[in-house]
Number of protein chains: 2
Amino acid sequence: MPPPTPSNRARIESTAARLFRRNGYTGTGLKQISADAGAPFGSIYHHFPGGKQQLAETVIRSTGREYLDLVLGLLDGDPDPAAAVHRAFEAAATDLAAADYADACTIATVALEVASTDEVLRVATADVFETWVQALAEWFGTWCDSGVARELAQSTIMILEGAFVLSRASRDPEPLLVAGRSMAALVRAAVDQAPPGRPDHGHVRSS
Amino acid sequence: MPPPTPSNRARIESTAARLFRRNGYTGTGLKQISADAGAPFGSIYHHFPGGKQQLAETVIRSTGREYLDLVLGLLDGDPDPAAAVHRAFEAAATDLAAADYADACTIATVALEVASTDEVLRVATADVFETWVQALAEWFGTWCDSGVARELAQSTIMILEGAFVLSRASRDPEPLLVAGRSMAALVRAAVDQAPPGRPDHGHVRSS
DNA sequence: GTCTATAGCATGATAGAC
DNA sequence: GTCTATCATGCTATAGAC
């Protein structure tokens, strides 16, 4: 049972996540994190002896789990996968606009910054994306072949991340809504080709 | 006719573009740019009195034009738009792997970093994306209705940018190849529904 | 253990020598 | 006009007071 007042460490993590998401990894200073979190500077190095890198890795992995739960919660319980995906993108558009286009995806922002400069953090972002792909592929697997499901999962994440980039840049929810329509169309086409449920493995051919 | 040896200014711009692309905007220092370009530090402020921001804006807009020409060159001359899109994604996958997953898209990397912190650069990235969307929409317009064409253009750019994120993070060309297959499927479906050429405006219904 | 003060270094920007 | 030396400020990280 977590204490009613968030711990110092928890505040540092959530503050770091928010600042990384908005200003990037290199664009966020540890001083700013401790100030915004209302925690002394030394607390960061007490809880994260590995410094900025260890804090960022922790944030990437925990944020990855939180986002996954959030998305699966949005998708779950809908009998129509295309409609569920469409709804999820609409929710993302509403949330991003409500956050004044500041809070999109921590992982993607950091991923592009560190892919060529920090191997530890690059691997952390790759692990998070792979977790998302596997979870989403399992979800899509209810309606289609596992190979098709994995590609749908990858495409969903890719077009979502790309839509975040365009929506944040233009301060307009339209790209996210367009992405939702396109992705729903892709899902519907894939599900229509590969009938559900039947434990019929092997190649599927529409003849 | 440009001189055989690139000018100081040109080298600064191309070096900045490369470093922004690999290390991000905040992750790149002006000192590093001048050193890598083999130009004196003062040259940056001589050619770009507005400092780092003006240099970045110049790089964003010129890089935007270069990428557009590159993509249109890849797409042009193919009678089948889905096949052309598929080929373009394959080329992107090959190029990214050849560049050791360092050189993807300057615009997207900078866009996520500055969207909430630098209004001038945010607008520059938004302008570039809108230019791309319009040019691609015109290209798709050869085969389908202009509204459908614009959404295809947006989706192409979004899934490409998202694929860059996943491919760079995982150091694997697969996401780009998956994105190419998904996008080709979307294009084929859209083109099949809305027959080409005929100047028949208004709603299209497949009956 | 919690926190403050500071070291050592890099940054963006500028002033002024040549 | 071209370039160098330097400024003030920010960073990450650490040492050590309490």
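Every chain is numbered from 1 and lettered A, B, ... according to where its sequence line falls, protein lines coming before strand lines. Every value quoted in this text rests on a predicted model; they were computed, and no experiment measured them.
- In terms of modelled atom types and a separation under 3.5 Å, the side chain of T15(A) and the main chain of I33(A) share no donor-acceptor contact.
- Counting any heavy atom pair closer than 4.0 Å across all strands shown, G29(B) reaches sugar-phosphate atoms only and no base atom.
- Within the nucleic acid shown, T28(A) comes within 4.0 Å of sugar-phosphate atoms alone, with no base atom in reach, counting heavy atoms only.
- Distance, L30(A) CG to dT9(D) C1': 17 Å, rounded to whole Å.
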Residue pair E90(A), R87(A): steps toward the salt bridge (Lys or Arg N to Asp or Glu O under 4.0 Å) verdict = CA-CA 5 Å; E90(A) 282 183 332; R87(A) 256 195 313 103; over 6 Å; no

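- Taking atom CD1 of I44(B) as the reference point, atom P of dT11(C) lies 11 Å away to the nearest angstrom.
- The CD1 atom of I33(B) sits 11 Å away from the C1' atom of dG12(C) (whole-angstrom rounding).
- Atom OH of Y45(A) is separated from atom C1' of dG16(D) by 17 Å (rounded to the nearest Å).
- Atom C1' of nucleotide dA10(C) and atom NZ of K52(A) are separated by 13 Å, given to the nearest angstrom.
- Checking dA13(D), dT4(C), dA13(C) against every side-chain atom of F41(B), the shortest atom distance belongs to dA13(C).
- Going from atom CD of Q53(B) over to atom C1' of dA13(C) covers 14 Å, rounded to whole Å.
- Ring planes of W139(B) and W143(B): perpendicular class, angle over 60° (limits at 30 and 60°).
- Of the candidate nucleotides dT12(D), dA13(C), dC3(C), dA13(C) has the atom nearest to the side chain of K31(B).
- Backbone-only engagement by G51(A) is indicated by non-hydrogen atom pairs under 4.0 Å involving sugar-phosphate atoms exclusively.
- A distance of 9.5 Å separates CE in M183(B) from CD1 in I157(B), rounded to the nearest 0.5 Å.
- Computed from coordinates, the Q32(A) CD to dC11(D) P distance equals 7 Å when rounded to whole Å.
- Residue H46(A) has no polar side-chain atom (N or O) positioned under 4.0 Å from OP1 or OP2 of dG1(C).
- Considering only the side chain of P40(A), dT4(C) comes nearest among dT4(C), dG12(C), dG1(C).
- Picking from dA13(D), dC3(D), dT14(C) the nucleotide with the shortest atom distance to the side chain of N8(B) gives dC3(D).
- Residues G38(A) and R11(A) share a closest heavy-atom pair of O-NH2, 3.9 Å.
- Protein atom CD1 of I12(A) is 14 Å distant from nucleotide atom P of dT12(D), rounded to whole Å.
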